[in-house]
Amino acid sequence: MSKKNYILEMFPYPSGNIHMGHVRNYVIGDICARYHKLKGDDVIHPMGWDAFGLPAENAAIQFKTHPQDWTLSNIQNMKSQLQKLELDLDWDKELATCNEDYYRYQQELFIDLYNAGLAYKKDALVNWDPVDQTVLANEQVIDGRGWRTGAQVEKKNLSQWFFKITHYAEELLNDLDKLELWPEKVKTMQRNWIGKSYGAEIKFKISGENEYLNIFTTRPDTIYGATFIAVSVNHPIVKKSLSNFEIENIKKEFERMDGDKEKLGYKIKLSCDHPILSKKIPIYIANFVLDTYGEGAIFGCPAHDERDFDFAKKYSLPIIKVIDCDDNQLPFTEDGLLVNSPLLNGLNKNEAIKKIILFLKKEKIGDEKINYKIRDWGVSRQRYWGCPIPVIYYNDGSYRVLDKSELPVLLPYDVNLEGKGNALLNLSGWRNIVCPKTNQPAQRETDTLDTFVDSSWYYIRFLNNKLSKPFDVEQVNEFLPVDKYIGGIEHAILHLLYSRFFMKALRDIYSLKVDEPFKQLFTQGMITHKTYRTKKNEWIMPKEIISKDGKLFRIKDSEPVEEGPSEKMSKSKKNVIEPDEILDNYGIDATRIFMISDSPPDRELEWTDEGIQSSKNLIHRIERYFSKPMTDLKDDTEKNVEKFVNNIEKNILNFSLNKCVADIYTLFNYLEKENIYLYNSKLSNKILICIFPIIPTLSISLNKYLFNSSNFKEWPSIKTDLLIEDEINLPIQIHGKLITTIQTKKGYDEKIILDDIYKLDKIKNKINDKKIVKVINVQDKIINIIIS
RNA sequence: GCGCCAGUGGCGGAAUGGUAGACGCGCUGGUCUUAGGAACCAGUGGGCAACCGUGGGGGUUCGAGUCCCUCCUGGCGCACCA
C-alpha cells in the first residue's frame, strides 16, 4: 500500500488578489507534493478559502455590495490566478468556510463542544474593538490595540461564548515536546503563551469580615515581607467599597496612564489580616495588577519585587527585607537565605517555598498552585459575516443550544449593513422565532463565531468536503495529522494553537486516534522589496521609476526618487509585485525558480529584477541544452547525474529548495563545460524527472519533445555505488593548517602515502629539520602532521 | 526586562568538528551579434608576498564558521504574568 502524504498550505483569505507571498507559499508546497507523487505516495494537496471575516463586511459597506458577493467573486478571481500557476492541487477538495456546506458542520461541532462541556457562556470582561465594533480574543490584542484596526481596545462586560482551551493547557504545553518537526521558535512562542508557573495560592482574610481574598504567588517564601495588597480595578472586592462612579473615575485615570510604567494606586477602606503575623495590611487598587492573570490580586513584597518596590516607594509603604542582602541591593529578586521570617530563617528560596506551602496547607489558608497565563478562548463576534452560533434565547433570559436536527442555522442574505454594529440585531424576521420544542417565542443568537474557529478544523474537512457530517472518524485516523503544513509564522500562536486545541477536543469527543493536527510545520519567510519615495514622502511603485546616471527618477515628472530599505511587500508602501504580471513576463517556471532560489524558504526573500531575470535565463539555458544533438558521455557523467538525483531528493525533503536550484546549475555547468549533451538519453529522462517538481512546465514540454511522452515514471532509484568517490583530493595539514592537497585513491596505505607526502616541496620546506611528533590520519578525509 | 534566532566576500547564501566562500547575483576584461533583459570565454575574499581571513575576547580539540564560556550587534516574539 502506498504511503499517505498530506501536504497543506495555509488557506488564503479571499481578499481579492493572490500576492507574491501566496505564490511562494504554494510553490514550496507544490514542489513537495509533486515530488511525493513521483515517489508513489498517496498525496493529498487541497486548497480552500478562509472566507468569513471582517474585511468582507467593511468592503461591502465601502463598495455598496454584499459580503457574500464580494467574497465569492474574490474567490473566483483568486482561483483563476492560482490556476494560472498550474499548481498540482486537488481542486475537487476545495471548500470555502462561508458556504453552508462547511459552516453547518461547524455548528455541529459547536454543539459537540457544548455537550462535552468545552463551550460555555459567561459574563466576561472582554476586549472591545471600538472601530470594528466587536470583541477580540486576548490573542488578537497587540499592545492594547486591535490586531486589525490598531484601535485602542476597551474593556467591556458582555455575555460571551467561550471555548475551554484552558482544559487542555497542560497537554497543549507538554505535547509541544512531541512536535519534533516544528520550528523551535513557534514552540517557544506557544509555551510562553500558555505561560505555566508554579507557586501557591494564599487566602488573605479581610479584616473584620468573614471573607477572604485569594492571591496567587510564585514567591510564597516572601510572605513575611508582605506589606500591602494590590488588586485590579475590576476585582469584585472593589465594588464592595467604592461606588460605580468612583470606580469609573479610577478606570479613566488608569487608562490615561496606559502604556506608561508609572505606578498608580488608590487605597480602599478595607484591609487584610496578614496570614501569619498579627498585623493588618492595607489594600490598594493598583494599575499594574492584571485582572486576567492569577486572581487579579497580589500581595506586595517591596523588598524583593521591582514593581512592589516602586509602588511602596511612591506610597511610603514599609519595605521589609526577608532575604539576606545589602540594603542597596533592594529590590533583591534573586535566591538567598531567608531572614526576618520565623518559620523560614536560614533556608534558601526553594526550601522556604516547600516549607511555607506545607504550613499554609496545615493552617488551611493556602496550597500549592499551578497557574496558566492562557485564558479560555472567547469566540463570540458581534458581526454579521461569520458562522451563526446555533443558540436561541427565551424571554426569561435562559437559552438553549439547538439540536443537530435543527441545523443548519443559515446566515440570512438580506441584511442592511449600513448601521453600526451587528446587522443581525436589526433583522427581526430572522432573529425572532418560535421555539419548536417549547412553542415559546425566542430569539436567535446574533453573535457569530470568530473566524479562527473556521480555520481550526478545515484541514479535517478537506478529507471529504462532501460528507453529510463534519468528518469521517476512520478517514481522520488514517490521514491525519497533516504531514507537512506550510505557512507564515504570523500564525504561530493564534491559528496553530486553536487548531491544536480543536484536534484534542475532537479526539476526546469522537475517540479519534490523533493528538496533533500538524506533524511538520514549515514557516516560510516573507517577500521583501526595496521601497522608493520622493522627497515629499510619496511612496512610488518600482515600475514608475527610471534610472539615469545611477540616480533614480519618477518617469512621469522626473522627480528625484530615493531608494529605501527592503521591506515586506505592502500596498501602502507601493513595493508590491503583482504575480499576474510576473507570470505574463517570465512564465511559471522562472517564477517558481525565483521563489526558491535566492534564500532558504524559511528566510526572507528579497525581490530583485536581476533575480527573476536570471531565473528565466536558467529556464532558457536548460531548453537550449536539450535542443543540442547527443554526444558521447564521459566516465563520470553517470556519476554526476546520480549525485544530482541524490542531492535534489535530499534537498526537497529538507526544504532546502535554494540548494535544489544550486544543484541544477552545478549539473548543467558540468555538462556544458565538458561538452556533454544528453539529448534523449536515459540520463536525460532522469534529469527531467528530477526537475519536474521544481519546473514542471519545462520538464513536461521537454519530455514531450525528447521522448514523445506525456507522463513521467516514478522517481529514479539511486545507484548508491556510483555515489562513492574512489579518487579523492586529500588535504594535507601541518598543525591543522592546510598546506596542500594530493590526488589519491580511497583506502590508501598510510605509510606509503606519507612517504610521498614528505617528498612534496611545500611539506619539506615546512618540516625542515623539525621532528615529526605525530601524524593524524583520518582515513580518506585528511592528514594532519604535527611537528616539534 | 525576559525568551528565541542570527552575525561568513560588494550582495543573497554553501559548508555530518576535517580543503571556508558551493551555487547565484553583481562587477572586470574579452568574444559573438543588425540588435537583445540574450549567449559564450576568462577572472573575481584581502594582501606584491610571506601570509591574513567566518562580529570581539577566551576555552575544548591534532584540527573550530561549526562545540563551550563571555561580551557586542541585529532581527523576531512576549512584556507591569505576581
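Each chain gets a letter, A, B and so on, in the order the sequences are listed, and its residues count up from 1.
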Notebook entry, point to check: Have A/N777 and A/Q779 got a donor and an acceptor in their side chains that come within less than 3.5 Å?
Noted result: yes

Notebook entry, point to check: Among B/C62, B/G37, B/C81, which is the nearest nucleotide to the side chain of A/Y586?
Noted result: B/G37

Next item on the list: Under the side chain to side chain contact (heavy atoms under 4.5 Å, CB included) rule, collect the residues that match up with A/E581, sequence neighbours excluded.
Entry: A/K543, A/E578

Margin query: Can you tell whether the side chains of A/E262 and A/K314 come within less than 4.0 Å, N to carboxylate O?
Written below: yes

Next item on the list: Could I get the full list of side chain to side chain contact (heavy atoms under 4.5 Å, CB included) partners for A/N174, not counting sequence neighbours?
Entry: A/E170

Note to self: Between B/G53 and B/C4, how far apart are the two P atoms, rounded to whole Å?
What the structure shows: 32 Å

Notebook entry, point to check: For A/F594, which contact category applies under a 4.0 Å heavy-atom criterion: base, sugar-phosphate, or nothing?
Noted result: nothing

Any N/O pairs under 3.5 Å between the protein and nucleotides 48-54 of chain B? List them or say none.
{"residue": "B/C51", "atom": "OP1", "partner": "A/K766", "partner atom": "NZ", "Å": "2.8"}
{"residue": "B/C52", "atom": "OP2", "partner": "A/K737", "partner atom": "NZ", "Å": "2.9"}

Notebook entry, point to check: With a 6.0 Å cut-off on ring centres, are A/Y625 and A/F668 close enough?
Noted result: yes

Checklist line | Spacing of the C1' atoms in B/C62 and B/G1 (rounded, Å) | finding: 44 Å

Notebook entry, point to check: Using the C1' atom in both, what is the distance from B/U66 to B/A20, to the nearest Å?
Noted result: 11 Å

Next item on the list: State whether A/E184 and A/K187 are salt-bridged, where the test is any N-O pair (Lys NZ or Arg NE/NH1/NH2 against Asp/Glu carboxylate O) under 4.0 Å.
Entry: yes

Notebook entry, point to check: Which part of the nucleic acid does A/R191 contact within heavy-atom distance under 4.0 Å: base, sugar-phosphate only, or nothing?
Noted result: nothing

Next item on the list: Give one of base, sugar-phosphate or nothing for A/K650, where a contact means two heavy atoms less than 4.0 Å apart.
Entry: nothing

Notebook entry, point to check: For every nucleotide of nucleotides 17-26 of chain B, 5' to 3': is a protein heavy atom under 4.0 Å from its base (B), only from its sugar-phosphate (S), or from neither (-)?
Noted result: -BB--BSSSS

Margin query: Over all strands shown, is A/P183 touching base, sugar-phosphate only, or nothing at heavy-atom distances under 4.0 angstrom?
Written below: nothing

Checklist line | A/S197 or A/P600, whichever maps to the more 5' nucleotide of RNA chain B | finding: A/P600

Margin query: Do the side chains of A/E672 and A/K628 get close enough for a salt bridge, i.e. N-O under 4.0 angstrom?
Written below: no

Item checked: Sugar-phosphate, base or nothing in reach of A/I786, heavy atoms under 4.0 Å -> sugar-phosphate

Notebook entry, point to check: Reckon A/V289 touches a base, only the sugar-phosphate, or nothing at all at heavy-atom distances under 4.0 Å?
Noted result: base

Item checked: is_close_aromatic(A/W607, A/F594), centroid dist under 6.0 Å -> yes

Check: Considering residues at least two apart in sequence or located in another chain, which fulfil the ring pair (Phe, Tyr, Trp, His ring centres under 6.0 Å) criterion with A/F311?
Finding: A/F228, A/Y284, A/F288, A/Y315

Notebook entry, point to check: Which ranges of RNA chain B pair up as stems, where a stem means three or more consecutive Watson-Crick or G-U pairs with both distances under 3.5 Å?
Noted result: B:1-7 with B:72-78, B:10-12 with B:23-25, B:26-31 with B:39-44, B:55-59 with B:67-71

Note to self: Check A/E368 with A/K354, please: is the shortest side-chain N to carboxylate O separation under 4.0 Å?
What the structure shows: no

Next item on the list: Verify the distance criterion only: is there a donor paired with an acceptor across the side chains of A/D663 and A/N651 at less than 3.5 Å?
Entry: yes

